[in-house]
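Every heavy atom of this structure was used, including side-chain atoms; hydrogens, water molecules and symmetry mates were not. Numbered from 1 within each chain, the chains take letters A, B, ... in sequence-line order.
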Amino acid sequence: MALLEIHDLHVYYGNIEALKGISLEADPGQIAAILGGNGAGKTTTLRTISGLLRPRSGSITYGGKSLIGMEAHLIVAMGLSHVPEGRRIFGILTVEENLNLGGYLIRSDRKLVSERKASAYALFPRLAERRTQLAGTLSGGEQQMLAIGRALMSGPKVLMLDEPSLGLSPILARSVLKTVRQIANQGTAVLLVEQNARQALAIADRAYVIEVGRVVLEGEAATLAGDERVQKAYLGGFEAVGTG
Amino acid sequence: MGAFLQYTVIGLTVGSFYALVALGYTIVYGIIRLINFAQGDLSMVGAFLGWTLLVSFGFQRLPLYLALIIAFVVPMLGTAAVNIVILQFAYKPLLRKSLLAILITALGMSLLLQNTAELIWGPSIQAYPPNLLPSTGFFMGPVHVTYVQLALVFVSLLLMGGMVLFVQGTTVGTAMRALAVDHDAARLMGINVDGIIRLAFVLGAMLAAASGVMLGLYYVQIQFTMGFLLGLRAFTAAVLGGIGNIPGAMAGGMLIGLLESYTTGYLSGSWKDVIVFGVLITVLIVKPTGLFGERVAERM
């Protein structure tokens, strides 16, 4: 049994069915990539898992326990952390205060908070240089680092990332995804939503391709990267052909 | 010059009451974008609870420090409980629906508190024990300052300082500031958003109740309608300072107090509300973000 199991998830916005029966899994130390175009339901899937949206039916189990109907802040306490689309850092707070809020649930254990902050700063040394700066004044890449660092403060077993490379330069995007791989290698289960399918497949173990609310393809990341349909739809024509 | 300084002392005293109520407006607004029009009436509830303890229950006969501790702490807790009930039953069901509906509800709650207070404590004016506090003072040059004025301003500053320390210096306070920007992102940090909203209502009510007891001690007379104008003046103070901005609310309260005192002194007491609300209108026209309000993102 996987650590996080989502089975036949149906989510509606009013009368519109956004997820039409999504099933997926995430395991410790592994990256599961969720690929798909705009409006496919990738963000909706993550928001439902983290409790910001309520599914109409289906199951979400984490370590054998159901997360359905549980409030978002309690789901964080269970060990699931979500880096939302657009980063959503608190721009009016400093970098340090943002990290403190990431450690909100462990706030009474000051030692643990400073240990986790130290490892966030070790992972992203740029943040350490800017710790007293207002987060709103950071560059896009730094904000993404802060969003990931902040999500790690709660010590998650499952880390969900929504488009971490969005708006970043190709070099920065690669470096952020490399860090994501490092985080997974330390034993965290990662759910990675990405538009940048090529880079996502390069670091992921498994992948799910979602189209209009359904999983249309799933499998080993390496296999999917070679799949003709994936190459055509998400990896762009000639380069994929050229590299064989 | 002597008169001017004398009016300043009075203005700062009254202003510190307004500042406490204005803080309540600003804290609640910062988190759920609600102008809680019942804020001034919570102050009235605090004043009557304090009166009940001191006069009806006879705690005025206790040693002064003990009587004062009871007369502040119990009304602050009692009023906080009232505000939580209002939040849960009146505001919570509307919280994620319409801001206009919740605003009208706040006006309704203001009237409800007034009428309930009238039922419980009667329509007539009640009096705080007039000789509870010493009426003595001292002269600073030409200016006479009473010990009561000094103590009331000191307590106000203490409460406001505590508030600022809490909001700026603790993780829970940081969470309150974060809620001013993004509720969903706060949830993803593991912050119990409903819990923080309740906390804001508790703190707002406690500050209002403290100001109510102070008003009772300072002016002696209290009445169930006293919260209405107090609330409007404090609201003006909060807007003047930039609603949602904590230092702004404190400065705004002091400014409104001073303005009122100078108007009363140099013009006439009946002009003070004309001037105060004239200021409100002017601020709304000229600088709607208030004196301290920068961009919306800089709030709190």
(message) Going by side-chain hydrogen bond (donor to acceptor under 3.5 Å, both in side chains), name the pairs with one or both residues in residues 114-128 of chain A, residues two or more places apart or in two chains.
(response) A/Glu96-A/Lys117, A/Glu96-A/Tyr121, A/Asn100-A/Lys117, A/Arg126-A/Glu142
(message) Suppose we screen for side chain to side chain donor-acceptor pair (under 3.5 Å). Which residues come up paired with B/Thr236, at least two apart in sequence or across chains?
(response) none
(message) If I take atom NE2 from residue A/His82 and atom CZ from residue B/Arg187, how far apart are they, to the nearest 0.5 angstrom?
(response) 13.5 Å
(request) With rounding to the nearest 0.5 Å, note down the distance linking CG in A/Leu105 to OG1 in B/Thr171. (result) 11.0 Å
If you compare all heavy atoms of [X] against all heavy atoms of [Y], which two are closest, and at what distance to 0.1 Å?
{"X": "B/Ala178", "Y": "A/Leu101", "answer": "CB-CD1, 3.4 Å"}
{"X": "B/Gln168", "Y": "A/Glu97", "answer": "O-OE2, 4.2 Å"}
{"X": "A/Phe90", "Y": "B/Asp182", "answer": "CE2-O, 3.8 Å"}
{"X": "B/Asn192", "Y": "A/Tyr104", "answer": "N-CE2, 4.5 Å"}

(request) Pick one of side chain, backbone, both or neither for A/Arg107, based on which atoms fall under 4.5 Å of a heavy atom in chain B. (result) side chain
(message) Report, in residue-number order, which members of residues 44-52 of chain A are under 4.5 Å from chain B by heavy-atom distance.
(response) A/Arg47, A/Ser50, A/Leu52
(message) Measuring only between side-chain heavy atoms, which start at C-beta, is A/Pro84 closer than 4.5 Å to B/Leu188?
(response) yes
Exercise answer: donor-acceptor pairs, residues 54-78 of chain A side-chain atoms, under 3.5 Å, sequence neighbours excluded:
residue	atom	partner	partner atom	Å
A/Tyr62	OH	A/Met78	O	3.3
A/Ser66	OG	A/Ile68	N	3.2

(message) Would you say that more than 12 heavy atoms from the other residues, nucleotides or ligands in this model lie under 6.0 Å from the OH of A/Tyr13, or not?
(response) yes
(message) For A/Lys20, is the NZ atom crowded, meaning more than 12 foreign heavy atoms sit under 6.0 Å from it?
(response) yes
